[in-house]
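Atoms within each ligand, like the ligands themselves, are counted from 1 in listed order.
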Amino acid sequence: MAGVFAHTVRPVMLAASRADRLRRAVERSSVTRKVVRRFVPGDTLDDVLDAVAALRDSGRYVTIDYLGENVTDADDATAIVQEYLRLLDALGRRPETSSASSHQVQPLEVSLKLSALGQALACDGDKIALENARRICERADQVGVWVTVDAEDHTTIDSMLSISGDLRVDFPWVGTVVQSYLYRTPADCRDLAAAGARVRLCKGAYDEPTSVAHRAGAAVTDSYLDCLRVLMAGPGYPMVASHDPAIIDAVPGLARETGCSTADFEYQMLYGIRDGEQRRLADAGNQMRVYVPFGEEWYGYFMRRLAERPANLTFFLRALLERQ
Ligand code: FDA
């Protein structure tokens with residue numbers, strides 16, 4: 001069943017995540033909105049601040065993503081920067097940022113997609129994305145919030161690594177995301193580990209060809225554990241982004257093997273997924289960060305979550321049927 005889902009349903013769902021007509025139909029449905037709320041706390045800044053307050057009250061850290069991707073107009077990228085600045089100003093008014101120094105682990109972080117900041121623009125896309133990301137990092141530095149740069153499809157990874165490397169020159173705390181399904185990632189992990197970077201390791205959420213990525217679940221998990229061992233053995237700060245019990249259960253052993261304490265790395269999971277496990281890890285004294293997306297552009301993010309797991313898709317379909 002898992003194989004059928006991975007090889008048949010998942011590619012269709014990921015293709016649907018890029019289909020405009022389907023997007024409009026899904027966005028108009030009130031049932032969808034109800035299901036979306038499980039993964040995205042809301043459209044507005046107030047919605048996300050409420051979610052942040054609840055997560056912080058339960059001892060969890062947060063990273064916040066203002067939803068948007070593949071922007072093709074420079075003005076739209078500028079508007080997204082403005083939203084991040086508004087978000088950072090609001091986070092800066094929270095009590096935990098006032099005493100924070102950039103050398104400590106920051107409980108508050110924002111996550112950026114470079115394609116939302118102009119990377120895909122035909123003219124000077126990389127340069128514009130770097131400038132926009134820099135504006136966000138400058139404000140984040142002022143208010144005591146971390147920034148991590150998300151990883152998107154494989155055609156953007158060289159550009160993303162180069163931009164996040166440039167940002168780290170002025171802001172050494174900027175985090176980078178790598179995806180264990182890509183064949184290149186063990187080598188990228190060795191480079192980033194040697195540089196002492198903050199690195200979020202995830203499996204990868206895009207529909208990549210076999211020429212660049214493992215497609216079988218077991219190979220992706222094996223690659224994940226190999227990459228994590230490299231990151232944990234290095235001087236940087238690994239961020240273990242996964243809900244997979246096979247990975248979560250392996251972490252304490254890897255930490256012992258590489259001499260990491262619970263302060264040397266953190267777990268990360270997505271908002272609305274395995275909430276009980278998130279609480280268990282935080283209550284046990286681990287650093288646990290939750291990725292909280294917000295904003296009106298939730299369609300692509302939501303479809304990738306449905307594509308990840310039969311149970312997520314079933315939950316959505318059941319809600320649709322109950323409505324009829
Ligand atoms: P996977 O989806 O393979 O699930 C494995 C197992 O976990 C399941 O079989 C089940 O046992 C358990 N599980 C999963 N969901 C569950 C649920 N809802 N309830 C109960 N059990 C569940 N991707 C990307 O390409 N670029 C990026 O920048 C990011 N950023 C990112 C940040 C963070 C914080 C996270 C957690 C993830 C990302 N991702 C990402 C997404 C990532 O690449 C991946 O698609 C998802 O995390 C799913 O992969 P998992 O490792 O969770 O395992």
Side-chain angles (χ1 to χ4, degrees), residues 1-3 5-6 9-10 13-14 17 35 38-39 55 60-65 67 69 109-116 119 146-157 160-161 164 174-182 184-185 188 198-208 212-225 227-228 238-251 265-281 287-293 300-316:
M1 171 63 189
F5 185 83
V9 182
R10 188 163 190 261
M13 297 298 297
L14 290 172
S17 74
V35 181
R38 184 183 150 185
F39 301 105
L55 289 163
R60 286 172 277 183
Y61 299 164
V62 293
T63 185
I64 305 164
D65 169 33
L67 289 164
E69 50 199 274
E109 183 193 68
V110 295
S111 286
L112 309 177
K113 282 194 173 39
L114 293 176
S115 77
Q119 186 187 38
W146 267 348
V147 175
T148 285
V149 182
D150 282 357
E152 301 180 67
D153 77 77
H154 77 276
T155 62
T156 64
I157 301 301
M160 183 277 285
L161 289 174
S164 73
V174 165
T176 306
V177 180
V178 293
Q179 300 151 315
S180 75
Y181 63 14
L182 294 181
R184 62 177 290 165
T185 298
D188 290 337
R198 246 173 19 94
V199 182
R200 176 194 300 158
L201 176 62
C202 66
K203 286 186 180 177
Y206 297 80
D207 190 25
E208 301 290 13
V212 298
H214 300 285
R215 306 263 310 186
V220 178
T221 304
D222 287 350
S223 169
Y224 192 107
L225 293 172
C227 291
L228 188 55
M239 303 181 273
V240 186
S242 177
H243 315 94
D244 190 345
I247 289 168
I248 304 299
D249 294 351
V251 171
F265 68 93
E266 64 185 48
Y267 294 94
Q268 297 193 341
M269 293 190 192
L270 301 176
Y271 179 84
I273 300 188
R274 302 202 72 195
D275 191 71
E277 179 66 356
Q278 294 178 16
R279 288 169 186 273
R280 184 191 72 78
L281 287 165
Q287 306 190 100
M288 171 78 238
R289 192 179 302 270
V290 183
Y291 186 104
V292 191
Y301 178 88
F302 175 64
M303 294 302 272
R304 286 196 292 278
R305 301 295 77 81
L306 294 190
E308 255 153 33
R309 198 163 178 258
N312 290 347
L313 183 58
T314 313
F315 177 64
F316 177 52

Counting non-hydrogen protein atoms only, what is the nearest one to [atom]? Give residue, atom name and distance.
atom: atom 28 (O) of ligand 1; value: A151 N, 3.1 Å
atom: atom 29 (C) of ligand 1; value: C202 SG, 3.7 Å
atom: atom 17 (C) of ligand 1; value: R309 NH1, 3.3 Å
atom: atom 37 (C) of ligand 1; value: L270 CD2, 3.7 Å
atom: atom 49 (O) of ligand 1; value: K203 CD, 3.9 Å

Just jot down the ligand 1 atoms closer than 4.0 angstrom to any heavy atom of [X], in number order.
X: I273; value: 15 (N), 16 (C), 17 (C), 18 (N)
X: D150; value: 28 (O)
X: P245; value: 6 (C), 7 (O), 11 (O), 12 (C)
X: A205; value: 23 (N), 24 (C), 25 (O), 43 (O), 45 (O)

Problem - Protein heavy atom under 4.0 Å of atom 13 (N) of ligand 1 - result: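 It does; a protein heavy atom is within 4.0 Å.
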Practice task
Heavy-atom distances under 4.0 Å are what count here, so tell me which part of Q268 touches ligand 1: side chain, backbone, both or neither.
Solution key: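 It is both backbone and side chain that touch ligand 1.
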Problem - D207 bridged to R215 by N-O distance under 4.0 Å - result: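 Answer for the salt bridge query: yes.
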Exercise for the section: Check step by step if salt bridge (Lys or Arg N to Asp or Glu O under 4.0 Å) holds for R274 and D244. Expected result: CA-CA 10 Å; R274 302 202 72 195; D244 190 345; over 6 Å; no
Exercise for the section: Among R200, R289, Q268, E109, find the one that has a side-chain hydrogen bond (donor to acceptor under 3.5 Å, both in side chains) with T148. Expected result: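 That would be E109; it is the only one of R200, R289, Q268, E109 passing the side-chain hydrogen bond (donor to acceptor under 3.5 Å, both in side chains) with T148.
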Exercise for the section: Identify the heavy atoms of L114 and M160 that sit nearest to each other, and give their distance. Expected result: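 Closest pair (atom of L114, atom of M160, distance): CD1-CA, 3.7 Å.
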Handout entry: Sub-3.5 Å N/O-N/O distance, Y181 and ligand 1
Key =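 No, there is no polar N/O contact under 3.5 Å.
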Practice task
Output yes when the distance from some N or O of ligand 1 to some N or O of E152 is under 3.5 Å, and no in every other case.
Solution key: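 E152 vs ligand 1: no N/O contact under 3.5 Å.
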Handout entry: R200 heavy atom under 4.0 Å from ligand 1
Key =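 Flag set, R200 near ligand 1.
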